[in-house]
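Working notes, structure below.
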Amino acid sequence: MTIDLHTHSSASDGTQAPAELVAEAAAAGLSMIALTDHDTTAGWEEAGEAAVREGVALVRGIEISTSRGHRSLHLLGYLPNTDDPRLAIELARARDSRVTRMDRMVGRMAADGIPVTIEEVRAQVAPGATLGRPHIADALVAKGVVGTRDEAFATMLHDGSPYYVGHYAPDPVAAITLVRGAGGVPVLAHPFAVRGAEVTDELVAELAAAGLAGLEARHRDHSLEDTERALRLAGRHGLIVTGSSDYHGTGKLNRLGEHTTEPREWSRIVEQSHGVKVIGEGGSVRKVRR
């Protein structure tokens, strides 16, 4: 099996509809993908129907933004039951915070003479999608202010920018507890990427003790040294090791399947889950519960 456990659709900041993403995964020869949009499960139903048509196994997941010391860490939650009220409330709170954040960021940019409006930003967002900085970037590209999303983030949308505004995000320990409580399996996304918080060995130990299941070791934003460090820490704490593309369509250079997860590591995720089931695993179509 060829398994990519981190992808995004237009339900958050990817550029492809969930069904288009699944079809591209099939064309790329992937056996299984996880749809892990930011703080939302809005793409699950469409992706699930496409997975049945395309013969690709679909892992339903989310990527939760968390914060420790005003720095961001991302937590992937695989196979959670989002009918769990505590998780549902927390995701809704995060999405609502993102909306007011965009208003404030666009207001700061407009005050500085950058020609973008919140209406132009909203025009870049698919119905029901989680609003985020990439949608401001897309509006700036559409207006010709910058050429690409990457340029927008490098010049105006990075964390140190005067236009940056934070949004609500739970502590990572709280998020791990929520994912576990919903029957899901929490894995720390790209822990040593430059854009994230400084993830120390001590923090990984704390998160492992709180219920963290794994580390996304193989990722485009990790150097060889980062990957080796993640592997050492995973071995020390008995954590699952994953590899993923973090694919966003044309929104990033990342390619589907450029990093993958070993089947034996995927089996460890399944063993720890008791939320929703995989759709179409092993090429079969199974009745799944929400």
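All values below come from the heavy atoms of this structure, side chains included, with hydrogens, waters and symmetry mates left out.
Inter-residue side-chain proximity for His74 and Thr66 is flagged as unmet; no heavy-atom pair is nearer than 4.5 Å.
Of the possible donor and acceptor atoms, none in the side chain of Arg60 sits under 3.5 Å from a partner among the backbone N and O of Val278.
To the nearest 0.5 Å, the span separating CD1 on Ile64 from CD1 on Ile62 amounts to 3.5 Å. With rounding to the nearest 0.5 Å, the separation of OG1 in Thr242 from NE2 in His6 is 9.5 Å. To the nearest 0.5 Å, the span separating CD1 on Ile240 from CG on Leu188 amounts to 13.0 Å. Note that the CD atom of Gln272 and the OG atom of Ser267 stand 11.5 Å from one another [nearest 0.5 Å]. Atom NE2 in His259 sits 7.0 Å away from atom CZ in Arg220 (nearest 0.5 Å). Atom CZ in Arg218 sits 7.0 Å away from atom OG1 in Thr227 (nearest 0.5 Å).
Counting only N and O atoms by type, the side chains of Asn254 and Ser245 include no donor and acceptor under 3.5 Å apart. Counting only N and O atoms by type, the side chains of Glu216 and Ser244 include a donor and acceptor under 3.5 Å apart. When only modelled atom types and interatomic distance are considered, His135 and Asp13 share no side-chain donor-acceptor pair under 3.5 Å.
In terms of heavy-atom proximity, Asp37 sits nearest to Ser12 at OD1-OG, 2.8 Å.
At least one test fails for Arg255 against the ring of Tyr247: distance under 6.0 Å to the centre or angle within 45° of the axis. Figure legend: cation-pi geometry between Arg108 and Tyr163 absent, as NZ or CZ is not positioned both under 6.0 Å from the six-membered ring centre and within 45° of its axis.
Taking the six-membered ring wherever Trp is involved, the centroid distance between the rings of His222 and His190 does not fall below 6.0 Å. In this structure, the ring of His8 has its center less than 6.0 angstrom from the ring center of His38.
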